[in-house]
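By convention here, the first residue in the shown sequence is residue 1. In listed order, ligands and their atoms are each counted from 1.
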Amino acid sequence: MFSDISERKLAEKRIENLAFYDELTQLPNRRLFFDRVEMALATAHRKSNKMALFFIDLDYFKEVNDNFGHRIGDQLLQSFAKRLTESSKEGDTVARIGGDEFTLLLTDMREVEHICKACNRIVEKLRQPYHIEGHALNITTSIGIAVYPEDGTNEEELMKNADIAMYRAKDIGRNSFQLFTPAMNAHSQERSLIQSHLRLALVHNELELNYQAQINGVTGKVMGVEALLRWYNPILGQVSPAQFIPMAEELGFITEIDHWVLEQACKQRNLWLDQGLDCGRIAVNISALHFHQGNLVASVESVLAQSQLPAELLEIEVTEGCFIKQMDKATDILGQLKNMGVKVALDDFGTGFSSLSYLTSLPIDTLKIDASFIAKLPHNFRESQITSAIITLAQNLNLDIVAEGVETDAQKIFLIERGCVIMQGYLYNKPVCAKTLPKIIQDA
Ligand SMILES: Nc1nc2c(ncn2[C@@H]2O[C@H](COP(=O)(O)O[C@H]3[C@@H](O)[C@H](n4cnc5c(=O)[nH]c(N)nc54)O[C@@H]3COP(=O)(O)O)[C@@H](O)[C@H]2O)c(=O)[nH]1
């Protein structure tokens, strides 16, 4: 009899635990979190206090799972939950509401400055490296914050607005926190609208490629062309790739888009080849996400076979983001491309992570100096020094070098004097459609 009762109690406890707590981290789940918010709202209302609801999302958690496996991913979530709990105060509620999504409720807040202070403290603690099974994982977080009563007076509203603010933090580069503002609502609606149209852009034939020439500034000869994606939607108008490419990455169809670009660009370059148009290599941008998650080598192989374009006329542009993680895998992918005869350029060079040692081991052919440096030439001391150093580095490593975003004669002269002769930018031509490019090449 005694044992029956204890067993029943144990079973009840287990059921309650499953209903209200997350099994992996033992934190309250979404249901219990909502109950706590509801209770806290009543107290905050009575005492005329503020409270803050944090929506916390781990940046690039999926990559941890993909690269290190789910066991390490789970341990990371447990350590993260522990740290988040340790950095909160008595009376606060920490919860796990989904895969890598956590929430935190801070009660008894009087000023928004107190909330920001608390947030800075928490972010600092969370971003210290996590040491798991011999791996040092550097994880950052994107946090959105909604404050009662300004940003919502019930749990749904606060949660929705904290979520919107969290997406804003992701949009502006992750690793930050954002307090909700009403303007974000409009931004979030615009984002959803773009996303819903983007899903159909390929099917509705709304994508097109433009081409921008890369010119030898001394001889005027066209050395290559870069394919740049354009999207025109009848309702949204022209949408910049700087806006929709990150969305396509987030929505999971960047590989499909990159493959389409690759196909069109190779087909077009082969057509120009047949027409005897001498415009060097065609450069195609590949997103870092596609680089790691898609099958880039197979994609390039099949497109080259289908288009009949000689491999040496194709250049793949990758960014430093491709090498932050899984350097060995990245080297292997680039090596396979090189073995096929395809050239590889490192785009936006100088803006990524600081370690240059990877340059010596990566099989790349070209460095593209980022336009943000060129824009400040020739008068800005810092940018002039960096640009000169990048040119010297490329020369020492026997790499080709291309300057991006060249707009003035003064920039061109600066670059030529330092040994960078290939340039791309509005000084020569803006990106144009396939029909217009031959005229630019003939006039060059
Ligand atoms: N994965 C893919 N990414 C792509 C693809 N097409 C473009 N992109 C990436 O989107 C970002 C924005 O591109 P875009 O608006 O096309 O801007 C490019 C040029 O048009 C612009 N440019 C060129 N010359 C000048 C100049 O003189 N002044 C000036 N202000 N801007 C100039 O610079 C952008 C160059 O892009 P990149 O060489 O790739 O850095 C951009 O990050 C693209 O990479 C795609 O098909 N797939």
Show me, pair by pair, the donor-acceptor contacts under 3.5 angstrom made by side chains of residues 273-281, not counting sequence neighbours?
residue: D278; atom: OD2; partner: K221; partner atom: NZ; Å: 3.1

- Task: Report all protein residues having a heavy-atom distance below 4.0 Å to some atom of ligand 1; order the list by chain, then number.
- Result: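 Within 4.0 Å of ligand 1, protein side: Q212, E226, L228, L229, R230, P241, A242, I245, D258, V261, N285, S287, E317, D347, D348, K368, E404, G405, V406, E407, G425, Y426, P431.
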Just distance, no hydrogens or angles: give the donor-acceptor pairs under 3.5 Å from side chains in residues 436-444, sequence neighbours left out.
residue: K439; atom: NZ; partner: D443; partner atom: OD2; Å: 2.9

- Task: Could you name each residue pair satisfying ring-ring contact (aromatic ring centres under 6.0 Å, His included) that touches residues 229-266, not counting sequence neighbours?
- Result: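 Checked against ring-ring contact (aromatic ring centres under 6.0 Å, His included) - neighbours excluded - the pairs reaching residues 229-266 are W231-F244.
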- Message: I want to check a possible cation-pi pair here: K430 against Y426, using under 6.0 Å from ring centre and within 45° of the ring axis as the test.
- Response: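 K430 over Y426 ring: yes.
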- Message: When you measure from the centre of the six-membered ring of F414, is the NZ or CZ of R418 closer than 6.0 Å and no more than 45° off the axis?
- Response: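 Pair R418/F414 counts as cation-pi.
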- Could you walk me through whether D332 and Q336 pass the side chain to side chain donor-acceptor pair (under 3.5 Å) check? CA-CA 6 Å; D332 179 51; Q336 291 189 55; 3.2 Å; yes
